[in-house]
2 protein chains.
Amino acid sequence: MTSQRRAAASPTISDVARVAGVSKATVSHAYSGKRTISTATKERVFAAARDLHWVPSSSARALATHRANAVGIVLARQPEILASDTFFPAFIAGVESVLAEQEIALVLQVVANRTAEERAYRAMEHGRADGVIVLDLHRDDWRVELLTTLRLPAVLLGAYPHRTRFSCVRTDDASPVLELIAHLRRQGHRRIAHVAGPLDYVHSRARAQAYLAGSGTPELLREGDFSAGSGRRATAELLALPKRPTAILYANDTMAIAGYSYARAQGLAIPDDLAVAGFDDDHLSEHLSPALTSVATAPRRRGEVAARRLLADIAGEEPRSITVDCNQLVLRESTDAPARTTV
Amino acid sequence: MTSQRRAAASPTISDVARVAGVSKATVSHAYSGKRTISTATKERVFAAARDLHWVPSSSARALATHRANAVGIVLARQPEILASDTFFPAFIAGVESVLAEQEIALVLQVVANRTAEERAYRAMEHGRADGVIVLDLHRDDWRVELLTTLRLPAVLLGAYPHRTRFSCVRTDDASPVLELIAHLRRQGHRRIAHVAGPLDYVHSRARAQAYLAGSGTPELLREGDFSAGSGRRATAELLALPKRPTAILYANDTMAIAGYSYARAQGLAIPDDLAVAGFDDDHLSEHLSPALTSVATAPRRRGEVAARRLLADIAGEEPRSITVDCNQLVLRESTDAPARTTV
DNA sequence: CTGAAAGCGCTAACAC
DNA sequence: GTGTTAGCGCTTTCAG
């Protein structure tokens, strides 16, 4: 009876030990390599494990080692925004490509409010994950403070503007914006507008500030929310201006495409009447006509870097910031015409 | 000394019990509600927990209850394809919106090969997750067999063509395709092409078969891989045909957009020279000009349904299949012109 | 080179 | 209504 239930249940390390004729400790060490085990016994252990299809219980292991073998990402985004974001899946793909090598899992938790978010981080600390990656960094991000009180390694994606003991994965968002503005000015553009993302995000703000530094026309700055709808609305506003812009830079491609479609529907030719550029270089952007000038940001590579950095932090290395040189201006047809002198 | 180390370490249920002046069992039950606890002691327990910032250790709980409080998704996709997929993030968002309510986490694991995939599923079974959602279902999917041998609830996304004891979340992909073809025929189209997704996926095949049933021109069927590049290639092939199609249906919007941009670059007007339709209704598609006819597939809602179904299975309910009535043809400008009689 | 045994932090009988 | 105690399946001293 008992043996029948044993057979039905998942095999445990004890089963493997019994079949291999060794102790549990030996089985454990055969896998971890923390002790030298004779090749003969190793063989027997592995054979037994294979026969039984044994896989160590991750919860038992987590409890014993205080390591979850998982890293976490807590997302406070609205599901609608998550659903239309092109950065996120690529970033995840990069993270996973690093984690997969070491069979570390990624634990994702989407939360609706701050209370839940705080609980989620605490849960991560308490057995769910060994470290977290923090996205959508704000200028004064309460999560950074919370994490400081937890003993949980973290990597911040973006340049946190204050002192922090966490590793940051930074990018230079200003240069490509400045480069783009220079390109447009060379083509005669003088009224260049910018549709930014939410300005409390550090990366949106960095782009907006580069825009202001480069073109200095604050009256042509609009704040969107990365959605197509907001891109369209901002574009409508800008084009309705008495002296409309001759070029618009958007903080992402979604807004740019929505914007340029709106402009075309209004009878403007792209790029002849209006030059347009995005940011992020969505996979579609090069396939549009006219193809969209954008800034490739290598989200996947940033995911890899962030994951590798986090694993290093978890392993006990000193946190440090890394600047990923990933942003690259990609000039395409949508900015490829001299500005018309009369608008 | 000991007390100092205690203070530094994460608080455990014992700490809470001690501070509240009760037993561990009482703390446990105060949270689980599996026992009636007097309001007075409950208060004290919660107060102590709050003071200590105690959060139950998920690994300890998992070990004791044999429940991970997590559900898993194992992805065998190439990171590149993951990165450019619009279905996935929306689906995840739907899944999470259901899981979040119950503070259940989502464990994601991307794997490179079949061995790793099998290990991943076994790891899910052994403490990582209480159940899994299976995506990208193939016609003869070995994973279904594997899962049958594991004691792991699973929900299959798509109509598995064989007998199975797992819940399926199905959709009717044929109707919108037939509807679309009818619409095109009404406008005079006779040479209607289809750029399918990989035909070993059940959903790609369903769409392709509906196409064949509705238009019956197998020589105008091409197999893509959902990427923009493959959409472009297939389009180039089709347009180079002696008698080129006057309309092309694509199995997703990415291929459709890449395709119609290519066609335009060749001097064809959309929809006047070539009608084009996609599938999935990406958030951008309505903002393109011409706006792209597509089929909205409500990936988020399917995520919700799949998650809810999985939770029910995990709770011990009998698995069952659900057909989500989510596909909806959205006619837009890209199919809004009578076919020209001469091509 | 290998075993025995003591936990990891929680839950769930079983007592009272 | 509450406390005691025995595990859950691993890892890791401590012995040998």
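Computed from a predicted structure; not experimentally measured. Chain letters run A, B, ... following the sequence lines, proteins first, then strands; residues in each count from 1.
- Applying the side chain to side chain contact (heavy atoms under 4.5 Å, CB included) test to B:Asp51 and every residue at least two apart in sequence or in another chain returns nothing.
- C:dT2 atom P lies 13 Å from atom CD of A:Glu43, rounded to whole Å.
- Within the helix from C:dC1-D:dG16 to C:dC16-D:dG1, the inter-axis angle between the opening and closing five-pair segments is 40°, rounded to 10°.
- A pairwise comparison of heavy atoms in B:Tyr160 and B:Arg139 identifies CE1-O, 3.9 Å as the closest pair.
- As rounded to whole Å, 13 Å separates atom C1' of C:dA12 from atom CD1 of B:Ile37.
- In this structure, B:Asn69 atom CG and D:dC8 atom P are separated by 20 Å, rounded to whole Å.
- Scanning for salt bridge (charged side-chain N to carboxylate O under 4.0 Å, His left out) contacts around A:Arg122 gives A:Glu118, with sequence neighbours left out.
- In this structure, A:Lys34 atom NZ and D:dT13 atom C1' are separated by 12 Å, rounded to whole Å.
- Between A:Arg35 atom CZ and D:dT13 atom P there is a gap of 11 Å when expressed in whole angstrom units.
- A heavy-atom distance below 4.0 Å to DNA chain C is reached by these residues of residues 20-32 of chain A, ordered by number: A:Gly21, A:Val22, A:Ser23, A:Ala25, A:Thr26.
- Taking A:Arg302 as the reference, nothing meets the salt bridge (charged side-chain N to carboxylate O under 4.0 Å, His left out) condition, with sequence neighbours excluded.
- Side-chain nitrogen and oxygen atoms of B:Ser38 include at least one within less than 4.0 Å of the OP1 or OP2 phosphate oxygen of D:dT2.
- Nucleotide D:dG1 holds its C1' atom 12 Å from the CZ atom of B:Arg44, rounded to whole Å.
- Scanning for salt bridge (charged side-chain N to carboxylate O under 4.0 Å, His left out) contacts around B:Arg67 gives B:Asp130, with sequence neighbours left out.
- Annotation: salt bridge (charged side-chain N to carboxylate O under 4.0 Å, His left out) contacts of B:Glu103 (sequence neighbours excluded): A:Arg119.
- Straight-line distance from the CG atom of B:Asp15 to the C1' atom of C:dG9: 10 Å, rounded to whole Å.
- Proximity of residues 50-66 of chain A to DNA chain C (heavy atom under 4.0 angstrom from any strand atom) is restricted to A:Leu63, A:Ala64, A:His66.
- Considering only residues two or more places apart in sequence or on other chains, A:Glu318 meets the side chain to side chain contact (heavy atoms under 4.5 Å, CB included) condition with none of them.
- When each of A:Val155, A:Leu156, A:Val71, A:Leu152 is paired with A:Val132, the side-chain contact (heavy atoms from CB on, under 4.5 Å) condition holds for A:Leu152 and for no other.
- In this view, B:Ala47 and B:Arg50 satisfy the side chain to side chain contact (heavy atoms under 4.5 Å, CB included) rule, not counting sequence neighbours.
- Applying the side chain to side chain contact (heavy atoms under 4.5 Å, CB included) rule to A:Ser57 yields the partners A:Ser59, A:Ala60; only residues at least two apart in sequence or on another chain are considered.
- Checked against side-chain hydrogen bond (donor to acceptor under 3.5 Å, both in side chains), B:Asn69 has no partners two or more places apart in sequence or in another chain.
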